[in-house]
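A short write-up of the structure that comes next.
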Number of protein chains: 2
Amino acid sequence: MSLQPHMEDFVQYFSGINLSIDSANFDKFGLKAKLKHYQKGELLITQGQPAPKVFFLVKGFVRYLNVSVEGKEFTQSFSCAPSISGSTRAMTRNVDALFSIEALDDVICLEFDWQMFFEKMQFQPGFMQAYNRLLENMFIKKEEREYAFVQDSAEQRYLTFLDTNPQLRDKIPLKMIASHIGITPIALSRIRKKLQ
Amino acid sequence: MSLQPHMEDFVQYFSGINLSIDSANFDKFGLKAKLKHYQKGELLITQGQPAPKVFFLVKGFVRYLNVSVEGKEFTQSFSCAPSISGSTRAMTRNVDALFSIEALDDVICLEFDWQMFFEKMQFQPGFMQAYNRLLENMFIKKEEREYAFVQDSAEQRYLTFLDTNPQLRDKIPLKMIASHIGITPIALSRIRKKLQ
DNA sequence: GAGCAACATTAACCTAGGTTTATTGTTTGC
DNA sequence: GCAAACAATAAACCTAGGTTAATGTTGCTC
């Protein structure tokens, strides 16, 4: 009785958030996932379309990308394996996604159907509690980001980004950093020149 | 066997989020709260101090207020009864609060100890699920706010505020609206003049 | 190696919103 | 009724960052 490939990683990740699950018990849930591969540039979910899936990134990294009506790109966030990805809004409220999730790399992930994921969770308090933790962390991150946008200069946000995302700083184009901290690539260029 | 004053309101509020609790069952949890009154201007929790409490606002409304190192006020959000209030970060991570919660009115609320609240939740899936919903909604709101800060002009944020908070627009000073949408009162004044 | 397509930088200019300082309401308390 | 404290507006000025457009730069692919 063994878990499907990479599911072990998922259980471990969730265990790290809340220690009340182990693989043996987990197997009993019958939670199934599709193993998926995405190549650099491909989309896991697409802005404007339903996205009733939760992803567990086994390898690679992605960004959450919103394109405004004027055609401007905004990188809401990055997510690096191992991590959970998906649009909370789209899956829990059953509406279209407000952003796309783009592979920035070759990505290996598990894809869960949210409906099933949610139902299984109902019957396993430890599982639900881990999801709780996840939501708390996500909320707290957005709150920190709110502070950053209101209180910090673009320069400070850039420095904070470099500081908190050392694993990304040399792997992604600068324009993605710019669109993540809410400025144009030109403004970022100016800031970088000044900092030299 | 009856609930303590206003607890019924709390149960109803939580039921509205997720229908799996009713007062009769709820009473069995033994979840206790202190009934508190705050006068306009008083603080429910204080920035820089521990805040291991969850509040249920029975009457009145509050704002979440952060003061930066340079002394600038930022109103993170408003909350009107009936609603749950508190610092998710401070209570779940057991750290000092990054903002104060200020009564903008005479406030009546129930005050729960987070530790107890959390423990009771563990044994009542329906309760935890309601908390889950709450977190999801909080997260989604912050996400919407993130979009607003990055994509909308101050003028647009002001109009959106008026639109989505009709119950507040005439009850709070303009400077609070300004500090909520991330501009100075002077800038808001300019915008209002232009809109006349 | 030529040609093309992203990416990054630079310079010139523009604008939204910050800052400072005053002026005018408007509550609040004595 | 008056002073004190706060809230809102106004004018003058300043600056961070947007916009446009030109110029490099780094790969690709053929």
Side-chain angles (χ1 to χ4, degrees), chain A residues 39-43 63 65-75 78 100 102-106 145-162 168-196, chain B residues 39-42 63 65-75 78 102-106 145-162 168-196:
Chain A
Q39 294 195 305
K40 188 172 176 169
E42 287 185 314
L43 302 182
R63 67 164 174 158
L65 166 69
N66 169 273
V67 181
S68 74
V69 282
E70 298 96 36
K72 283 180 200 161
E73 289 198 1
F74 169 53
T75 299
F78 298 98
S100 300
E102 180 193 17
L104 295 179
D105 208 2
D106 289 353
R145 214 161 139 66
E146 183 184 17
Y147 282 115
F149 275 121
V150 174
Q151 298 181 338
D152 296 348
S153 65
E155 180 178 329
Q156 186 54 56
R157 295 200 298 278
Y158 175 57
L159 293 172
T160 304
F161 176 84
L162 293 183
L168 283 174
R169 59 180 294 174
D170 298 319
K171 285 190 194 141
I172 58 173
L174 289 170
K175 65 169 198 161
M176 285 186 194
I177 300 182
S179 84
H180 181 56
I181 61 180
I183 59 176
T184 58
I186 292 123
L188 179 56
S189 199
R190 270 193 298 244
I191 287 168
R192 284 163 51 80
K193 188 181 183 183
K194 198 184 129 204
L195 289 174
Q196 270 168 22
Chain B
Q39 293 193 308
K40 188 172 177 171
E42 286 185 314
R63 67 164 173 157
L65 166 68
N66 170 273
V67 181
S68 75
V69 282
E70 300 96 35
K72 283 180 200 162
E73 290 198 358
F74 169 53
T75 299
F78 297 97
E102 180 193 18
L104 295 179
D105 206 3
D106 288 354
R145 213 160 140 67
E146 182 184 16
Y147 281 115
F149 274 121
V150 175
Q151 297 182 340
D152 296 349
S153 64
E155 180 178 328
Q156 186 53 57
R157 295 201 298 278
Y158 174 58
L159 293 171
T160 305
F161 176 85
L162 293 182
L168 284 175
R169 58 179 295 174
D170 298 320
K171 285 190 196 142
I172 57 173
L174 290 170
K175 64 170 200 161
M176 286 187 193
I177 299 181
S179 85
H180 181 57
I181 62 179
I183 60 175
T184 59
I186 293 127
L188 179 55
S189 198
R190 270 193 298 243
I191 288 168
R192 283 163 51 80
K193 188 181 182 184
K194 197 184 129 204
L195 289 174
Q196 271 167 22

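From a predicted model like this one, the values you see are computed outputs, not experimental measurements. Letters A, B, ... are given to chains in the order of the sequence lines, protein chains preceding strands, and every chain is numbered from 1.
For the pair Ile183(A) CD1 and dT9(C) C1', the computed distance is 14 Å after rounding to whole Å. Here dG17(C) presents its P atom at 11 Å from CG of Asp152(B), a figure rounded to the nearest Å. Protein atom CZ of Phe74(A) is 13 Å distant from nucleotide atom P of dG18(D), rounded to whole Å. Separating the CZ atom of Phe149(A) from the P atom of dG17(C) is a distance of 15 Å, rounded to the nearest angstrom. In this entry the distance linking OH of Tyr158(B) with C1' of dA8(D) reads 12 Å, nearest Å.
The distance from the CZ atom of Phe78(B) to the CZ atom of Phe161(B) is 4.5 Å, given to the nearest 0.5 Å. Summarising the geometry, atom CG belonging to Asp105(A) is positioned 13.5 Å from atom CZ belonging to Arg63(A); distances are rounded to the nearest 0.5 Å. Atoms CG and NZ, on Leu104(A) and Lys40(A) in that order, are 8.0 Å from each other to the nearest 0.5 Å.
The side chain to side chain contact (heavy atoms under 4.5 Å, CB included) test with Ile177(B) singles out one residue from Leu168(B), Ile183(B), Ile172(B), and that residue is Ile172(B).
Looking at every heavy atom in both residues, His180(A) comes nearest to Arg145(A) through O-NH2, 2.9 Å. The minimum heavy-atom distance linking Ser179(B) with Glu73(B) is given by the pair CB-O, 3.6 Å.
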Show me the side-chain donor-acceptor pairs of residues 187-196 of chain A shorter than 3.5 Å, one per line, residues at least two apart or across chains.
from, atom 1, to, atom 2, distance (Å)
Arg192(A), NH1, Tyr158(A), OH, 3.0
Lys194(A), NZ, Glu155(A), OE1, 2.5

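Of the residues in residues 184-196 of chain B, those placing a heavy atom less than 4.0 Å from an atom of DNA chain C are Thr184(B), Ile186(B), Ala187(B), Arg190(B), in numerical order. At a non-hydrogen distance threshold of 4.0 Å, Pro173(A), Leu174(A), Lys175(A) from residues 173-181 of chain A come into contact with DNA chain C.
Side-chain atoms of Arg157(B) come within 3.5 Å of backbone N or O of Asp152(B) as a donor-acceptor pair.
Between dT28(C) and Lys40(B), no contact under 4.0 Å exists linking OP1 or OP2 to a side-chain N or O.
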